[in-house]
Number of protein chains: 2
Amino acid sequence: MTATTHRQGWGKALRPTEKVLPEHARAHHRSMVLQHLFHAGPRSRADLARATGLTRVTVSDLVGALVTEGLVTELGARQEGKVGKPASLVALDTSAFQIVAVDLADDERMHGAVLDLAGAVVERRSATHDGRTGQAAVDALLAFCQELAAAATRPLLGVGVGSPGVIDAHGTVVEAPNRGWFDVPLAATLSDALGVPVHVANDANTAVLGEFTFGGASGSLLVLTVGEGVGAGIVLDGALVQGARHAAGELGHVTAVDERDDVEHAPLGPAQPCACGRRGCLETVLAVPALRRRIAGLDPAAADAALASVGHRLGIVLAPVISALNLSEVVFSGPAELLDGPLRDAALAAVRERTMPVISSDLELRMTSLGEDGALSGAAVLVLSGQLGVT
Amino acid sequence: MTATTHRQGWGKALRPTEKVLPEHARAHHRSMVLQHLFHAGPRSRADLARATGLTRVTVSDLVGALVTEGLVTELGARQEGKVGKPASLVALDTSAFQIVAVDLADDERMHGAVLDLAGAVVERRSATHDGRTGQAAVDALLAFCQELAAAATRPLLGVGVGSPGVIDAHGTVVEAPNRGWFDVPLAATLSDALGVPVHVANDANTAVLGEFTFGGASGSLLVLTVGEGVGAGIVLDGALVQGARHAAGELGHVTAVDERDDVEHAPLGPAQPCACGRRGCLETVLAVPALRRRIAGLDPAAADAALASVGHRLGIVLAPVISALNLSEVVFSGPAELLDGPLRDAALAAVRERTMPVISSDLELRMTSLGEDGALSGAAVLVLSGQLGVT
DNA sequence: TTTGTTAGTAGACCTTCCTTACAAATCACA
DNA sequence: TGTGATTTGTAAGGAAGGTCTACTAACAAA
């Protein structure tokens, strides 16, 4: 007498909005196969069938199509001595296509690379901004992409760009003051000019996607990028958090030093003015220039204490976020000599002090495992995700 | 030369994990149709086709099935004078099924109701806990559900329960100290005994689902429930945030009063011990008993100032969360006479002070529009969502 | 009365997946 | 060394669901 039963689970994007055609299902299944090959390495068709829940017949069909496309190659029979017909392994051909990735986080230079499908850098380039803004900056970026595309030795899967600023899900830059971009349909423009798919996202978001895909992260994590500014990208249950105005992750301009710190002998001193026009933003104490200024000329012990003070304040800001989202993984991206020591220790201690054990006991707060290339890897993930459905 | 193009969008739960069969697509489309009828009211088949993107043929077929099931009824021809054949309207029959909803947030009594599919309360009951815990508490809840089920005048779509504690996506209570429940498969147990689908979720999560569905909310919001304790539920991009350990929304035990407040004339006084064993948790100043204690015996102006102090501190805790998630809507659920005044004003002011304008300028911080029944409505949404895919 | 527009339905067709059945290749054991 | 068990991969047939095209019904405006 009851109506059809759906499965329980409110974490999986309900409020249905788009129809599902057979071809979408097909693409989804194709992505599942690629996903498993990407993360688990070479497998047999039967393995993939077990992993995906599809039948061997269907997997065979999908693999056949992928082999035809060149994305997957046959490796030959598996050498293990098990009963039954030996499996023939297939693998993702990570050299079948290449990806162009560009990182615009730096105010001085554009960093770019050609990567294979495994995220390994094949070729690296960079170019100066020369202070260009607006359309000139778009043109320079386009030329840089063309240079990289020309350097590719394989067909291009697409181009991924990580840029500072507020960027919507379609790759339109809503605002990026550094480049003088406002409502610039960057992805569409580049895609038209280059003739390949282009994906653009905020640099903190590319960082978190890179960490999520290549950093061995679990389903939910926050990546805090510390450079000229401070930003954050958040992945929850495998989905990037966009925010109401595509501005999620804006942690650099949350107040971290307030009126209660305007006292003598305050560990961080009084609140400092911020570029955003307010005072005491997290960025005024945590951005790399601020950190370097703070420890300049101090002896090691005093420098450690100063970094710990900043870490403690960072922990105070992070605690409500970690608690509200029940995050189990927080990753720092930035100069390790500043972040990966007293600062990180103090931040973790502050978070533990200020949240319940159930929240903080299994919290991991670590440095990124991707080093300098985090942003580039993340931009590549934009393409992998957008074109192949692989994350 | 490039591979298949997927659509851009990393906010929509990628990392594919489950296969999609035609029947799933069918269920999805059925949900889309119900969803539109639920929120937009009576529509013609052609309207639904335009809204869903499906063809008129397919919608006709789906509507036919829904009419057969009794969920949808034919209303007859539309009376508007437009060219062409007049449309025949169909509508969700909100009285076709009923839902049993139970709210366990109160430590004294279980509150329950029978609701129709529009979320309107048809019958209301309550029962005391009598301090029962463990299996006895489960049995009492089961008996209460049976009483409510017997009071229903229509076939039951299902049962929804909102309970304090940590509850996973399958309705298993991981821990609920108040009831002495640890790893209790509540949904499965009740479903077996009652013979109808049962959905169980944390009470703060039911609150946010209720607000999301019936409160006219946009895609992302946070509901802060203030009662004996303080909790929060978060919906981002239409999906409930679960957290790594199903403990998302735990804001009550984030430190809100710290060592910097251990000074003379601190507006809130020094940090107070909390039931969780630590000191200065948000709950120690914001929970209803704490608020009542704080303003007891004060003249109105002093009481307002005291509430504003608490609100200010709440704003400090909320600012990083609002900023990190770029929330545009924060909703308070609890006694309006305490929350909806100086406290709320001060909280909003503090958030605005401590975040960028781009984040806070279009932030709405309001009281729930569902009043006392928020939790019950939310429990009903569990069932609507789980059984019909309607949110 | 004719023309144009919109709503809803019927039938043919396409895609995709599943089920069933089968050949091939290997191991285990008599 | 043969025989059965087991596993892999593929082929053929069928079911489900959606689209496309074509049709009828019903109304407004000219």
Query raised in the report: Over how many whole Å does the gap from A/Arg43 atom CZ to D/dT8 atom P extend?
Result: 13 Å

Requested in this report: Treat primed atoms plus P, OP1 and OP2 as sugar-phosphate and everything else as base, then score nucleotides 10-20 of chain D 5' to 3': B for base contact with protein heavy atoms under 4.0 Å, S for sugar-phosphate contact only, - for none.
Outcome: BB-----SSBB

Query raised in the report: Hey, does the side chain of A/Arg50 come within less than 4.0 Å of D/dT8's phosphate (OP1/OP2), counting only N and O?
Result: yes

Query - Heavy-atom pair of closest approach, residues A/Val208 and A/Ile234 - result: CG1-N, 4.0 Å

Query raised in the report: Can you name the closest pair of heavy atoms from B/Leu156 and B/Ala149 and give their distance?
Result: CD2-CB, 3.8 Å

Query raised in the report: For the base of D/dT8, is there a side-chain donor-acceptor partner from A/Lys85 under 3.5 Å away?
Result: yes

Query raised in the report: Does A/Ala46 or A/Gly84 map to a spot on DNA chain D nearer the 5' end, using the closest nucleotide for each?
Result: A/Gly84

Report task. Identify the heavy atoms of A/Leu115 and A/Ala101 that sit nearest to each other, and give their distance. Result -> CD1-CB, 3.4 Å

Query raised in the report: So which heavy atom on B/Gly70 is nearest to which on B/Ala96, and how close?
Result: O-CB, 3.1 Å

Report task. Could you check how far CD of B/Glu74 sits from P of C/dA7, rounded to whole Å? Result -> 15 Å

Report task. Could you pull out the closest heavy-atom pair between A/Val390 and A/Gln35, with the gap in Å? Result -> CA-OE1, 3.4 Å

Requested in this report: In whole angstrom, give the distance that lies between atom CG of B/Leu48 and atom P of C/dA7.
Outcome: 11 Å

Requested in this report: Could you tell me whether A/Arg30 and A/Glu23 make a salt bridge, using a distance below 4.0 angstrom between a side-chain N and a carboxylate O?
Outcome: no

